[in-house]
Amino acid sequence: MDIKSLDNEYVAHTYARFPVAFVKGEGSHLTDDTGKEYIDLGTGIAVNTFGISDPIWQKAVSDQLGKLQHASNLYYTGPCAELAEMLCSRTGMKKVFFSNSGAEANECAIKAARLYSYEKYGDGRSTVVTLKNSFHGRTLATLSATGQDVFHTKFGPFPEGFVYADPTDAEDVIRLVKENNACAVMMELVQGEGGVYPLEEDYVRTISDFVKESDVLLIIDEVQTGNGRTGSLYAFEQYGIQPDIVSTAKGLAGGLPLGATMLGEKLADTYKPGTHGSTFGGNPIASAGAVSILSRIDDALLADVRAKSEYIFSELTGAKGVVGVSGLGLMIGIQTEKSAKDVIAGCMERGVVVLSAKEKVRLLPALNIPMEDLKKAIGILKEVIAE
Ligand SMILES: *Cc1c(COP(=O)(O)O)cnc(C)c1O
């Protein structure tokens, strides 16, 4: 079976794939269909939190697989209840809605904000202010929420009620909230797909203070930044804010599809039976995977994430061919003199998987990547960037 030709023939051409077919892996090592090995600094875009076929995660998932794979949300199941309790007790949030992806987690966040506002203030207070250069997903509403014009073509009409503010000017956000009688402000704290740009702390605090006074909800999209990625369980902790809604997905279940929308005090009773739902959301297997992942993201692991982040920053900052390094924790963007495309190709050739984000090279290694793998991969990356 030739994977590449079958895929090219039958899978919809929505992706420009690299000419590589991965077949297996272990930890931070990947193997392709020719037997070539790679060190993985991409984790399938921040999904494989503890690397590939991690034994602890694998056991948690396969134990659940042997018991009950699905029951539907008509009934109670253990793993999703346990996961919801873990998420709330560790974030200060009050309720969780489970779905299957980042876009769905954001849909749920937007719907919750509009429902809250509708019930309290009636019609006409439905606009969500999002940020320019953001990315919130590929459904029609989350494309609309995405503050990049390139995503707003060809699929129209798009859902209304999104306006885009300057990600460096808090006054612009405040002005748009007032002008549009907005119900919520939604942002990523590190704009991931937009090029790994962390927002300034002052900016975020100013907006957080303003929205609190105005009963406008603060939605933080932690689909990519969440679950230990930035060196805290959720990035909002490092900004000293308490959001009303937090969405997450990617790394939550360590490689299985799971989205979560966490709802704070104000929204604890907004959703009532019948107002929102998902067939697969909170699936027992994905939830069991997530319980295992979250239970391992403790202070020691997070300190290690921050130490590895410092190592990468210090190795790359000022290195030959590097223009700049940005990011938080193990979510890192590298502006290089060479094009990101050439750096990625050079690294792939030499057995290191790295990603791009807009014009930058992006690193999203496993949170537990062994130091010797990280050193070797960064060494190769530096050589490729310098060539
Ligand atoms: C990846 C991503 C999404 C979309 O997640 P999907 O699981 O692909 O739907 C939304 N927001 C952010 C910040 C993301 O990084």
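In this chain, residues are counted from 1 in sequence order. Keep in mind the model is a prediction, meaning the values are calculated, not measured. In listed order, ligands and their atoms are each counted from 1.
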Exercise for the section: List the closest protein heavy-atom neighbour of atom 14 (C) of ligand 1: residue, atom name, distance to the nearest 0.1 Å. Expected result: K250 NZ, 2.9 Å
Handout entry: Distance-only polar pair, side chains of H29 and D373, donor-acceptor under 3.5 Å
Key = yes
Handout entry: Note, V353 side chain near F22 side chain (heavy atom, < 4.5 Å)
Key = yes
Practice task
Scan side-chain atoms only and decide if N227 and Y234 contain a donor-acceptor pair under the 3.5 Å cut-off.
Solution key: yes
Problem - Verify atom 8 (O) of ligand 1: protein non-hydrogen atom under 4.0 angstrom away - result: no
Practice task
Kindly work out whether a path of hydrophobic side-chain contacts (I/L/V/M/F/W/Y, heavy atoms less than 4.5 Å apart) joins W57 to L87.
Solution key: yes
Problem - E222 and T248: side chain donor to acceptor below 3.5 Å - result: no
Practice task
Enumerate the atoms of ligand 1 whose separation from the nearest heavy atom of Q224 is less than 4.0 angstrom.
Solution key: 15 (O)
Handout entry: Per-atom contacts, ligand 1 versus H136 - under 4.0 Å to a heavy atom
Key = 10 (C), 11 (N)
Problem - Under 4.0 Å to a heavy atom of S101 - the qualifying atoms of ligand 1, by number - result: 7 (O), 9 (O)
Problem - Element-labelled atoms of ligand 1 that are located less than 4.0 Å from some non-hydrogen atom of E188 - result: 13 (C)
Exercise for the section: Pull out every atom of ligand 1 sitting under 4.0 Å from any heavy atom of N106, numbered as shown with elements. Expected result: 10 (C), 11 (N)
Problem - atom 11 (N) of ligand 1 [closest protein heavy-atom partner, distance rounded to 0.1 Å] - result: D221 OD2, 2.8 Å
Problem - Proximity to ligand 1 by part of A103, non-hydrogen separation under 4.0 Å - result: both
Problem - Closest protein heavy atom (residue, atom, distance) for atom 5 (O) of ligand 1 - result: G102 CA, 3.3 Å
Exercise for the section: Answer with yes or no whether the side chains of Y116 and D215 bring together a donor and an acceptor at under 3.5 Å. Expected result: yes
Practice task
Compute whether any side-chain donor of one residue and acceptor of the other, for Q224 and E193, lie under 3.5 angstrom apart.
Solution key: yes
